[in-house]
There are 2 protein chains.
Amino acid sequence: MTCDAVNMSSRPKSPHHHGNLRVALVDAGLAILLEEGLGGLTLRRAAARAGVSHAAPAHHFDGLSGLMTAIATRAYGMFADRLAAGRDLPAKGDEERLLNICLAYLDFSRDHAGLFDLMFVSPGPDRDDPTLKAAGAEAYQILREGCRPFAADGTADPVVEIAVWTMVHGYALLGLSSPESPKRQIVEIPPFAALLRRLLSRRDHSKTDG
Amino acid sequence: MTCDAVNMSSRPKSPHHHGNLRVALVDAGLAILLEEGLGGLTLRRAAARAGVSHAAPAHHFDGLSGLMTAIATRAYGMFADRLAAGRDLPAKGDEERLLNICLAYLDFSRDHAGLFDLMFVSPGPDRDDPTLKAAGAEAYQILREGCRPFAADGTADPVVEIAVWTMVHGYALLGLSSPESPKRQIVEIPPFAALLRRLLSRRDHSKTDG
DNA sequence: AGAGCAATGTTGACGGCGTCAAGATGACCT
DNA sequence: AGGTCATCTTGACGCCGTCAACATTGCTCT
């Protein structure tokens, strides 16, 4: 049995046995991602930030890929929290609730681009890791539940789910949620709400927004 | 491997003055991307593949970023060719034609993942480069034209354009176009045609396909 | 309690990377 | 012919991930 989950408040001054270096390294990596983005994340820098030598992480993670996997797992938890917060916002109906979830998705991708890149873009994390997959599935469930009212059968409609997911994900990765997106030079970028409304509308609606 | 870098202006004998090293380096980088993906692309390896020393590219490109920009520009040209080929396939109507463009988009992202990653994922290329932006806009025009029949006004509808673009882009980047996508464990992935039909349908149709 | 040992962290080294500086070489111009 | 400049080479630097060897800690077993 390992000696994890022990005192991290009272840290002995011993040069060895940091206390809970595994957690500290994930914290350090998370901070680096938030401050400098994916390009700043390095095994050696995370180790330095945790106050430990450059080779220490090797005893806790399977190389940089392992550290990235652990960080991405934590990041998915933060992501799921943000999606849940969007879901729990006051909404007038099902469509507005789903929109709030999607907007939380886009806010996260813009405000925590480093985390988002690690989660979805970087080839570093081991995407077959069961813990990481579970964290990702948990976040996806929130989006899925938001789509449920729009399913044909009332339970689950993969077409709606995947259509919403791909659209919000593409919107995020194309950088369209940033007001200064360079894409605006070749096309006027509508707000995401307009895209979602267009996708969810099943009958002719004459009212259009500006 | 044959020395096929330059055939139009061949100067094979001199150790210096390669002939057209700039083109040869882009060719080499393109080949690396096709064979090994984005992770294999390196300034030194592209130089070695072109038969020059590791520092030679510095005289033709602004570092790795500059080489990536040049490669991405060429890749956008190949991408636009594929989209145009999809557009020119025989189609029964406007929706099938747009679908063929989108399928070409997805095929390219799957078959040339290295190029696709460089174009859309890697932070390397300088996305403000005018040549690169022009190449990207040219490819986008093909998708835009395919969307034109579905515009409300008949000319251009940013909502339709962006909705289709984000959906196909998200579908590509989530890896959903690969039959062995791990996402299939958490959700049944419908074919892209179903997503597109759902997006373009403006009136109730009760029949759903499998 | 004391021995042994696994866990944990350190130092040092290796090769690969991007990048810069300085030198060599060949083409072109006057 | 001589000069000049673009082009390419060599070598070096620091950073990176990773491995090997070593030191220290603290638990466990007898």
Side-chain angles (χ1 to χ4, degrees), chain A residues 1-8 10-29 32-33 36-71 118 122-126, chain B residues 3 5-6 9-29 32-33 36-71 118 122-126:
Chain A
M1 185 176 294
T2 60
C3 61
D4 55 357
V6 290
N7 52 350
M8 63 181 293
S10 70
R11 196 162 358 104
K13 299 180 184 303
S14 65
H16 292 66
H17 288 72
H18 175 282
N20 198 341
L21 183 55
R22 185 181 170 93
V23 171
L25 285 169
V26 174
D27 289 340
I32 291 173
L33 284 173
E36 311 174 42
L38 184 56
L41 179 60
T42 277
L43 210 44
R44 292 173 108 104
R45 299 228 284 151
R49 188 159 187 141
V52 109
S53 73
H54 67 266
H59 294 276
H60 295 274
F61 301 99
D62 182 16
L64 177 62
S65 173
L67 176 61
M68 283 178 162
T69 304
I71 298 173
L118 181 70
S122 167
D126 173 17
Chain B
C3 179
V6 180
S9 64
S10 64
R11 284 176 213 215
K13 49 182 74 72
S14 67
H16 291 68
H17 289 71
H18 178 282
N20 199 344
L21 182 54
R22 183 181 171 93
V23 172
L25 285 169
V26 174
D27 289 339
I32 292 172
L33 283 173
E36 310 174 42
L38 184 56
L41 179 60
T42 277
L43 210 43
R44 291 172 108 105
R45 299 228 283 151
R49 188 158 186 142
V52 293
S53 73
H54 66 267
H59 294 275
H60 296 274
F61 302 100
D62 182 16
L64 178 61
S65 173
L67 175 61
M68 282 179 161
T69 304
I71 298 173
L118 181 70
S122 167
D126 174 17

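Just so we're on the same page: letters track the sequence lines, and every chain starts at 1.
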Spacing of A:Leu38 atom CG relative to D:dC16 atom P, expressed in whole Å: 14 Å
In whole angstroms, how far is the P atom of D:dC15 from the CG atom of A:Leu41? 17 Å
Show every donor-acceptor pair shorter than 3.5 Å between a side-chain atom in residues 51-65 of chain B and any protein atom, with sequence neighbours excluded, or say none if there are none.
unit_1, atom_1, unit_2, atom_2, d
B:Ser65, OG, B:Gly124, O, 2.9

For B:Glu36 and C:dC17, give me the distance from atom CD to atom C1', rounded to whole Å. 15 Å
Just compare C:dC20, D:dC16, C:dG9 and give me whichever is closest to any side-chain atom of A:Arg45. D:dC16
For the pair made of CZ in A:Arg22 and P in C:dA7, what is the distance, rounded to whole Å? 15 Å
Distance in angstrom units between A:Leu43 CG and D:dC19 P, rounded: 11 Å
B:Ser53 near the nucleic acid: base, sugar-phosphate alone, or nothing, with a heavy-atom cut-off under 4.0 Å? base
Quick check: any donor-acceptor pair below 3.5 Å linking the side-chain of A:His54 to the base of C:dG9? no
Given D:dT18, D:dT9, C:dC17, the nucleotide with the shortest approach to the side chain of A:Leu64: D:dT18
Going by number, which of residues 56-63 of chain A have a non-hydrogen atom under 4.0 Å from DNA chain C? A:Ala56, A:His59, A:His60
Using salt bridge (Lys or Arg N to Asp or Glu O under 4.0 Å) as the criterion, list what pairs up with B:Arg44, not counting sequence neighbours. none
Atom pair distance, as rounded to whole Å: CZ in B:Arg44 and C1' in C:dC20: 12 Å
